[in-house]
Amino acid sequence: MTGPDHSGIDGIVEDPNDQRTAPLTVPGTVQGTIDRARHYRDQVLSSIPGLLVHRGGRVLHCNRPAAELLGYRTPEEVLALPGVLALVSEDAVFAERQAYEECLGGVTREDVRRIKRQRADGGVQWFDQLLEPVDWGGEPAVLETLAQVRPQTGYTQMPHQWQLLQAAIDAMPNGVLMLDRDIKMEGANSEFLRLWDYPPGLFPPGTPMDVMLTYNHQRGDYGDVPCEPIVAELASRFLVRCVINAERHVPNGRILDIRTAPRADGGYVVTHVDITDRKRIENELREAKERAETILKELRETQQQLIVQEKMASLGQLTAGIAHELKNPLNFVNNFAELSGELLDELLALIGPLDDRMNAADRTDAEDLTANLQSNLRKIADHGRRADNIVKSMLEHSRGGGGEWQTTDLNALVDEALALSYHAVRAQDRGFNTELERRFDPAVGALNLVPQDVSRVLVNVFTNAFYALRKRQKSEGGPDYRPILVTSTIDCGGTVEIRIRDNGTGMSPAVIAKLFTPFFTTKPTGEGTGLGLSLSYDIVVHQHRGRFDVSSVENDHAEFTITLPRAIPAVSLGERRKT
């Protein structure tokens with residue numbers, strides 16, 4: 001990297017009218033620093049500048065001094081470049097593109113900008129730049145003036161070795177600000193001016209830090225806050241005798257890593273590292289990571305749905321197979337019950353004329369036997385039809401609709417599942433009775449769901465509730481215990497709740513913790529598979545994007561709350577709460 005041009009510094013003849021060699025005067029106000037920057041601008045314009053005209057990145061004109069300053073032999077070589085940004089070093093493209101767009105939009109900036117340009121030989125050189133919007137060929141364009149960096153006032157009065165040190169600091173890739181023990185500026189390099197977008201000549205050596213901070217406040221760096229408190233706070237940070245790290249967003253859109261370190265002589269060295277690209281890459285990596293996590297979440301959710309569907313298909317096949325096996329002997333029972341009734345009627349018609357040959361006692365016995373046979377056949381037929389309805393419900397439960405999403409009356413679905421479960425339990429234990437309390441909210445209405453799968457969930461929960469009620473009834477056996485099952489549906493706006501509460505044996509916290517684990521069951525061997533609630537959880541949470549909540553007190557009650565959304569979200573995993 002090539003530093004600023006200090007040629008001729010040692011041989012300058014002092015002229016009291018030359019600002020470069022005049023006695024150094026340090027401005028004590030922001031207006032004084034602005035006046036110095038404007039004077040420096042006049043000096044830049046008084047030299048022979050290089051001129052570039054470009055629009056939308058395309059170079060339209062280049063004079064010979066500009067080509068020579070950039071290391072090209074002829075202006076035509078500059079015009080042949082792919083664009084004006086080919087002259088800009090990679091780390092400065094963002095700021096230069098922004099400055100060009102503002103200028104092309106008609107924004108005029110009177111201050112000089114300290115910029116660096118890529119030379120034809122691959123090196124980098126610092127320049128002072130002025131931008132001005134112009135009319136070129138009837139369309140707006142950017143007039144860019146380039147001049148070699150001029151030695152600033154005060155630097156020419158330094159000893160030669162200090163001038164070399166300043167040149168070395170100026171060639172550093174990071175911004176450097178030197179402060180003395182009184183927090184006054186001792187020097188700064190060109191990268192510092194570029195990063196903060198300060199006009200060259202604005203802050204000469206000896207400028208107090210509060211003047212620099214006040215200038216920042218006046219141009220809007222710190223937002224709409226009072227000037228004196230923020231300036232005092234920022235200036236106090238330099239008094240801490242340790243390395244201070246901070247990140248700052250400067251007005252030109254850059255992000256700087258600022259590090260302040262004390263020197264042995266009591267002064268400070270403040271380095272400024274441009275981390276804009278690093279932050280951009282970090283943001284892109286974070287966004288890519290979030291997108292990947294979202295995709296992975298969706299893939300896992302899809303995989304879970306496929307597993308649930310496979311489980312449901314297997315369970316449906318098993319249920320359908322059992323129902324078909326029951327259907328055949330049940331048909332025989334129903335058919336032969338009906339046929340036996342008809343045969344009995346025919347038999348009675350045949351033996352009717354023989355009634356006169358029997359004595360009164362035999363006739364009474366025959367009539368009693370006949371009445372009992374007819375009553376038994378009617379009961380067989382009634383219960384056969386009832387069993388046939390249960391088998392039909394099992395078949396519908398396993399395959400009806402093919403697992404398709406349908407608009408379903410939720411209250412009717414809950415009531416049907418309750419009746420099916422209660423009949424099944426009563427078929428196993430005729431002595432079991434419980435009070436069924438229905439609290440259905442009419443506002444629930446219809447939901448879009450898979451009715452067969454939701455019915456499976458409800459049947460599982462109802463069956464477990466009846467089991468808990470029977471178990472407590474048998475264990476207590478007293479007349480004071482009254483089994484009750486309360487089933488409620490509640491409209492919650494965007495969701496619908498189904499609450500099933502029983503006053504059975506309840507569950508301990510240890511049981512609740514394992515409740516939805518596959519193959520976990522509290523029933524004796526042979527009475528439960530441990531798959532019911534596991535599959536039910538998958539149906540509610542993964543398939544229908546709902547919630548499956550459990551609340552229980554041992555030997556008091558158990559309550560299951562199933563929450564189903566009216567509209568299924570695209571990506572949302574429900575969670576269960578256990579209390």
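Residue indices begin at 1 and follow the sequence shown. Bear in mind that the values here come from a model prediction, so they are computed numbers and not experimental data. For the numbers below, each heavy atom of this structure counts, side chains included, while hydrogens, waters and symmetry mates do not.
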Looking at R438 and D415, would you say the former's side chain and the latter's main chain have a donor-acceptor pair under 3.5 Å?
no
**Request:** Would you confirm whether T563, through its side chain, and R547, through its main-chain N or O, come within 3.5 Å as a donor-acceptor pair?
**Result:** no
Exercise. Can you list the steps and then say if T487 with L436 is a side chain to side chain contact (heavy atoms under 4.5 Å, CB included)?
Worked result: CA-CA 8 Å; T487 306; L436 301 178; over 6 Å; no
Counting N and O atoms only, with roles assigned by atom type, does the side chain of T407 sit under 3.5 Å from a partner on the main chain of A446, one being a donor and the other an acceptor? no
Open item on the list: Between D549 and R499, does the salt bridge (Lys or Arg N to Asp or Glu O under 4.0 Å) criterion hold? Intermediate values first, please.
Closed with: CA-CA 9 Å; D549 301 342; R499 295 186 179 181; over 6 Å; no
_Min side-chain heavy-atom separation W405-H544 under 4.5 Å_ = yes
To the nearest 0.5 Å, atom CD of E228 lies from atom OG1 of T214 at 8.5 Å
request  = Compare all side-chain heavy atoms of I498 with those of S488 and state whether any distance is below 4.5 angstrom.
outcome  = no
Nearest heavy-atom contact between G506 and A558 is CA-CB, 4.3 Å
*Does the S475 side chain pair with the main chain of R472, one donor and one acceptor, at a distance under 3.5 Å?*
yes
Distance col, row L447:CG vs N411:CG, nearest 0.5 angstrom, shows 10.0 Å
Margin query: Check this for me, if you would: do R566 and D491 make a salt bridge, where the nitrogen-to-carboxylate-oxygen distance has to be below 4.0 angstrom?
Written below: yes
Taking D257 first and then K279, would you say they form a salt bridge - that is, a charged N and a carboxylate O separated by under 4.0 Å?
no
Is there a donor in the side chain of D441 and an acceptor in the side chain of T489, or the other way round, less than 3.5 Å apart? no
Under 3.5 Å, is there a donor-acceptor pair between the D453 and Q543 side chains?
yes
Counting C-beta onward and ignoring hydrogens, is there a side-chain heavy-atom pair between F560 and V457 closer than 4.5 Å? no
Notebook entry, point to check: Do R286 and N283 get their side chains close enough for a donor-acceptor pair, meaning under 3.5 Å?
Noted result: yes
Heavy atoms of T276 and R254 approach each other most closely as OG1-CA, 3.3 Å
Exercise. I would like to know whether E191 and N174 meet side chain to side chain donor-acceptor pair (under 3.5 Å); could you show each step before the answer?
Key: CA-CA 6 Å; E191 183 69 7; N174 300 327; over 6 Å; no
ask   = Are side-chain heavy atoms of L485 and E435 found at a separation under 4.5 Å?
value = no
Closest heavy-atom pair, G546 versus P565, reported as atoms and distance to 0.1 Å, is CA-CD, 4.0 Å
*Between D502 and R470, is the closest basic N to carboxylate O distance under 4.0 Å?*
no
Nearest heavy-atom contact between G504 and L469 is N-CD2, 3.7 Å
*Evaluate salt bridge (Lys or Arg N to Asp or Glu O under 4.0 Å) for E287 paired with K289, printing each intermediate quantity in order.*
CA-CA 5 Å; E287 292 174 358; K289 178 176 176 291; over 6 Å; no
Checklist entry - Would you say T408's side chain and Q406's backbone share a donor-acceptor pair under 3.5 angstrom? => result yes
Please determine whether a side-chain nitrogen of the Lys or Arg among K297 and E293 lies less than 4.0 Å from a carboxylate oxygen of the Asp or Glu. no
inquiry  = Show, in sequence, the C-alpha distance, side-chain angles and deciding distance for V84 and V88, and conclude whether the side chain to side chain contact (heavy atoms under 4.5 Å, CB included) test is met.
reply    = CA-CA 7 Å; V84 69; V88 181; 5.8 Å; no
**Request:** Report yes if some heavy atom in the side chain of R280 is under 4.5 Å from a heavy atom in the side chain of D277; otherwise report no.
**Result:** yes
Can you find a pair of side-chain heavy atoms, one from S508 and one from V511, that are under 4.5 Å apart?
yes
What I'd like to find out is whether the side chain of T561 reaches to under 4.5 Å of the side chain of E559, using heavy atoms alone. yes
* Evaluate the ring planes of Y537 and H542, with Trp represented by its six-membered ring, and classify them as parallel (under 30°), tilted (30 to 60°) or perpendicular (over 60°). => perpendicular
Taking H217's backbone N and O only, do any of them form a donor-acceptor pair with D221's side chain (distance below 3.5 Å, no angle check)?
no
Handout entry: Side-chain heavy-atom pair T495, L564 within 4.5 angstrom cut-off
Key = no
On a heavy-atom basis, the closest approach of L104 and G56 is CD2-N, 4.2 Å
*Does a donor on one side chain and an acceptor on the other come within less than 3.5 Å for R482 and N503?*
no
Correct closest heavy-atom pair for V414 and F462 would be O-CE1, 3.9 Å
T294 side chain to E290 main-chain N or O, any donor-acceptor pair under 3.5 Å?
yes
Inset, instruction - Any chance you could lay out the side chain to side chain donor-acceptor pair (under 3.5 Å) test for N433 and R426, step after step, and finish with the verdict? - result: CA-CA 8 Å; N433 287 287; R426 288 270 298 161; 3.1 Å; yes
